[in-house]
Amino acid sequence: MNNFKTSTKSDKIKVLNVAEKPSVARSIANVLSKDHRIEETKSPFNKLFKLDYRLKDVEVEMWITSVTGHLKSLKYPQKYQSWEKWDPIIILKEAEIENNISTDKQNLELNLKNFASICNRLILWLDCDREGENIAFEVMEVCREANPNIQVNRAHFSAVTYVDVRRALDTLKYPDENLSNSVIARQEIDLRIGASFTRFQTLLLQKQFNLSSIVSYGPCQIPTLGFVVQRQKEIDSFVKEQFWFIQSEDDQKCIYNWDRTHLFDELIVALLFERCYQESATVINVQQKDVQKWKPYPLCTIEFEKLASKKLKISAHKAMELAERLYNKGYISYPRTETNKFPPTINLQTIIRDQQNHPVWGEYATNLINFAFEYPKAGNKDDKAHPPIHPVKMMIESEAQNRQEWDVYQLIARHFLACCSKNAKGSETTITLQINDETFSKTGLVIKEKNYLEIYIYDEWSQSQVPNYQQGDSIKIKLTLQKGSTSPPKPMTEAELIGLMDKNGIGTDATIHEHINTIQDREYATKRGQIIKPTKIGLALVESYEILGFTLHQPFLRAVMEQRMNEVALGKKEKSQIVQATINEMTIILKQLQEKQNLIIKTFGSYLEALKNYDEDNDNDDNNQPRIPLDEAEETTQNQPKVNKKTKNQRNKKSDEQPKNSITPPSICQFCNSLCVTNKQLNGKLIQICPKLCQIQEDINQNSHHQSTQNKDNCFQCNLCQNFMKIRYSKIKKTNFLGCSSYPQCNQAIFLPDTVKSIKLIDKKCTKCESPLFSLQFNENYNQVHQTSFFCLFPGCQYIIKTDWKQNKDSNQTSFVGKQQNKGENTGKYPFNPHQQNRNFYNKDKSNNQQKFPYYKN
DNA sequence: GCAAGGTC
């Protein structure tokens with residue numbers, strides 16, 4: 001029952017103003033007149049504000065109201081609701097789509113029709129972005145239905161402030177259909193791709209693998225998952241690398257860093273250590289300089305979400321929920337904003353004054369007002385619709401509904417006050433030491449003025465003291481040769497993911513947190529604390545795309561879409577052209593997926609099986625290795641834990657062992673006559689090195705080891721990169737093979753016959769090629785008896801087991817004398833042929849992809 | 001039961 005009735009007594013021209021949300025309508029009314037009247041409408045949130053105004057010298061009655069985002073939404077007609085009945089290709093390519101006003105927006109439609117039928121003019125105050133322009137057309141269409149003669153204008157504003165609103169009214173323009181069409185194109189493409197690919201994947205995989213969720217596909221959610229999977233793969237394929245460095249410590253326990261940082265060659269570091277070793281150093285420089293720690297940029301949504309996640313440990317999704325609540329209660333400004341610079345029209349002093357009575361930071365605010373204020377830095381993002389997030393009303397802790405709400409308000413208020421403060425100032429002192437040819441340095445910091453750091457508790461700037469030395473001083477030092485190793489990438493945090501999505505244009509400020517939520521709802525990823533990790537399903541899905549050659553999880557899909565939308569927005573292309581082109585390209589991909597559906601099931605299943613021990617809830621990546629099958633035959637370094645243990649032992653051994661002890665009578669370089677340095681390596685081998693590096697010579701008095709004995713897991717050198725081959729383990733084949741230790745940079749491998757179950761390196765060498773020998777364990781049902789129990793696996797050496805470097809897709813089989821294996825064709829034993837694709841997820845040959853998938857062509 | 005974009 002429509003009990004709404006608005007008054008129409010006045011004879012003045014009536015101008016209907018429509019904003020995108022209730023708050024903007026309210027702000028416009030406030031800006032234009034404090035004496036406005038407020039009327040209820042059929043939609044409880046969307047009030048109607050009325051006021052008298054002089055518009056271009058004409059007295060008019062302004063009616064200001066709002067919608068709540070889009071009025072219309074795209075959907076497939078009822079007949080397509082059955083997933084089983086329709087080929088996803090039809091859903092993608094041919095099914096008609098309806099664009100109607102959603103049921104929950106019908107009250108707004110009635111409002112607009114009612115007001116438009118009474119008003120003479122319509123001014124569209126939708127946000128000044130593409131979506132806003134499209135909503136403007138939706139509003140205009142509804143209003144024109146009720147009043148075909150209504151005169152329409154578009155207001156362009158960068159903030160809802162007095163100056164901007166007045167300026168917008170003085171320079172009214174017309175809505176831009178190209179901008180709006182680019183949105184319609186995006187909507188249609190997203191729906192068609194999302195619905196068709198989701199139906200295909202779900203029907204293919206859900207029942208087969210007893211999955212509780214649908215297996216959705218979306219051009220934002222899947223690239224989001226792609227980032228999470230990529231990081232996990234980087235962690236799991238990480239191979240630790242050892243490095244060495246020289247450390248210098250003075251008698252005040254101050255440690256100076258080597259200016260060469262560290263080197264990956266133990267020999268060179270040992271040599272340099274020998275050459276510079278002494279017990280005193282000269283202070284060659286003491287440099288002091290003033291430094292600043294910069295205050296933050298004004299707060300946009302993305303930054304707010306990152307800060308909430310990182311500093312408050314509140315998820316982006318929850319933080320937005322809390323911010324929206326604070327906004328609705330009038331404590332903060334609109335929280336969905338891309339802008340990180342304040343418009344000159346906003347009165348910052350007034351906002352600070354509102355905080356002057358605050359029990360926690362009132363004094364700080366007063367101090368800012370009186371003398372410490374400095375204008376905020378200007379960021380480079382501006383959505384032309386909303387200012388950066390800032391407090392609009394003071395809130396004290398007891399007014400907050402809970403701790404998290406208070407934390408969010410506090411973050412926003414403190415951030416704003418920090419923006420209006422001065423940078424922190426300090427003094428940095430760097431001491432440089434010279435020890436023979438090597439230099440070492442140490443930098444200390446003294447904070448002189450904390451300024452914004454007083455209020456901004458989220459930033460740290462730690463002080464560190466340095467000794468009070470003068471240039472030319474000679475000081476006593478202790479030099480040590482140290483060893484370290486590179487660390488794997490850190491697990492993906494939510495804040496990092498938000499940053500990656502923002503950088504790659506995945507989602508918008510208002511939707512990024514929703515996509516992160518979606519991948520969790522779909523059981524593609526889990527979040528523990530601030531760490532996001534892929535689940536088995538998420539890994540298996542992305543890996544299946546990867547292995548089968550699809551780039552559906554790559555972020556550039558969205559970038560191409562954005563580029564095409566821009567062409568429509570600029571009027572260079574028709575929306576139908578880009579919809580057609582995109583859908584045609586995606587049809588090719590969907591058809592390929594359909595053709596490969598058996599392979600998809602097999603690949604997806606193999607990954608789930610291989611990942612059955614993968615602990616998706618464990619954040620500790622050191623204790624959770626190996627879990628992910630790498631793209632090369634699901635390989636993992638079987639011996640990795642042993643390698644690490646050995647490294648530790650070696651380090652301990654090294655610390656007891658001073659290099660000086662290892663010196664034997666030096667020899668003379670045969671090229672330059674310099675006195676050579678003898679160095680003992682960690683493996684005990686002695687080496688004579690010329691200081692000018694003319695020659696490096698193994699000490700003949702020592703027991704000369706084959707290089708492969710440097711590390712007990714190393715076999716012989718890779719014929720491609722000269723690093724060592726190692727015993728690896730294929731989780732899917734459940735057998736050993738030899739893989740290059742430089743994987744994934746080098747993918748050289750040697751596979752063994754299926755009859756070989758496992759291999760073990762032994763302390764014997766091949767008499768023919770000097771490579772280390774292996775003892776082999778054969779499958780139980782393999783009966784052939786060999787005359788020897790030790791085998792050489794160096795390609796081309798032994799006649800009993802013939803092995804080969806696996807360099808291309810046709811040579812992925814090793815052969816066994818007397819028992820020839822299948823060659824070439826994929827036998828179904830492997831879930832895929834890894835050599836048909838680039839193995840390396842991160843160094844994908846894009847040109848190749850582009851050839852295969854025209855959708856990604858620019 | 002499908003997407004992503006507005007907004008509450």
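Residue numbering restarts at 1 for every chain, and letters A, B, ... go by the order of the sequence lines.
Mapping E131(A) and L203(A) onto DNA chain B by nearest heavy atom places L203(A) at the nucleotide closer to the 5' end. For the pair D509(A) and T202(A), nearest-nucleotide mapping onto DNA chain B gives the more 5' position to T202(A).
Of the possible polar contacts, one joining the E20(A) side chain to the D127(A) backbone as a donor-acceptor pair under 3.5 Å is found. Side chain of K47(A) to backbone of P44(A): a donor-acceptor contact under 3.5 angstrom is found.
A close approach under 4.0 Å does occur between a side-chain nitrogen or oxygen of R558(A) and OP1 or OP2 of dG5(B). When the side-chain nitrogen and oxygen atoms of Q187(A) are compared with OP1 and OP2 of dA3(B), none of them lie within a distance under 4.0 Å. Distances shown here put every side-chain N or O of R199(A) at or beyond 4.0 Å from the OP1 or OP2 atom of dA3(B). Considering only side-chain N and O atoms, H70(A) lies nowhere under 4.0 angstrom from the phosphate OP1 or OP2 of dA4(B). Residue T511(A) places at least one side-chain N or O closer than 4.0 Å to OP1 or OP2 of dG5(B). Residue Q221(A) places at least one side-chain N or O under 4.0 Å from the OP1 or OP2 atom of dA4(B). In this structure, R336(A) reaches the dT7(B) phosphate: one of its side-chain N or O atoms is under 4.0 Å from OP1 or OP2. Put simply, Y334(A) has a side-chain N or O that comes within less than 4.0 Å of OP1 or OP2 on dT7(B).
Across all strands shown, E188(A) has no heavy atoms under 4.0 Å from either base or sugar-phosphate atoms. Here F197(A) lies out of heavy-atom contact (under 4.0 Å) with every strand. In this structure, S73(A) reaches neither bases nor backbone, as no heavy-atom distance under 4.0 Å exists between it and the strands shown. As judged by a 4.0 angstrom heavy-atom cut-off over every strand, L74(A) is placed among the base-contacting residues. Counting any heavy atom pair closer than 4.0 Å across all strands shown, G132(A) reaches no nucleic acid atom.
Across the protein-nucleic acid pair, D127(A) atom CG and dC8(B) atom C1' stand 15 Å apart, rounded to whole Å. Taking atom CG of L541(A) as the reference point, atom C1' of dC2(B) lies 15 Å away to the nearest angstrom. Atom CG of N99(A) is separated from atom C1' of dG6(B) by 13 Å (rounded to the nearest Å). Regarding E133(A), its CD atom lies at a distance of 15 Å from the C1' atom of dG5(B), rounded to whole Å. For the pair I214(A) CD1 and dG1(B) C1', the computed distance is 6 Å after rounding to whole Å. The NZ atom of K207(A) sits 15 Å away from the P atom of dG1(B) (whole-angstrom rounding). Rounded to an integer number of Å, the gap from R522(A) CZ to dA3(B) C1' is 10 Å. Here dC2(B) presents its C1' atom at 17 Å from CD1 of I90(A), a figure rounded to the nearest Å.
Taking the six-membered ring for Trp and thresholds of 30 and 60 degrees, Y217(A) and Y545(A) have ring planes more than 60 degrees apart, a perpendicular arrangement. Below 30°, between 30° and 60°, or above 60°: for F49(A) and H36(A) the angle between ring planes is above 60°, a perpendicular geometry. Ring geometry for Y409(A) against W406(A) counts as parallel: the plane angle stays under 30°, on a 0 to 90° scale with 60° as the upper cut. Using cut-offs of 30° and 60° for the angle between ring planes, the W125(A) and F157(A) rings count as tilted.
Candidate nucleotides dT7(B), dA4(B), dC2(B) were compared by shortest atom distance to the side chain of S216(A), and dC2(B) ranks first. Ranking dA4(B), dC2(B), dG6(B) by closeness to the R186(A) side chain, first place goes to dA4(B). Among the nucleotides dA4(B), dG6(B), dT7(B), the one closest to any side-chain atom of T508(A) is dG6(B). Taking every side-chain heavy atom of E20(A) into account, dG6(B) is the closest of dA4(B), dG6(B), dC2(B). Nearest to the side chain of P219(A), among dC2(B), dG5(B), dA4(B), sits dA4(B).
A salt bridge (Lys or Arg N to Asp or Glu O under 4.0 Å) with K329(A) holds for exactly one of E405(A), E399(A), E324(A); it is E405(A).
For Q206(A) against dG1(B), a side-chain-to-base donor-acceptor contact under 3.5 Å is present.
By the 5.5 angstrom centroid cut-off and the 30-degree plane limit, Y217(A) is classified as not stacked against the base of dA3(B).
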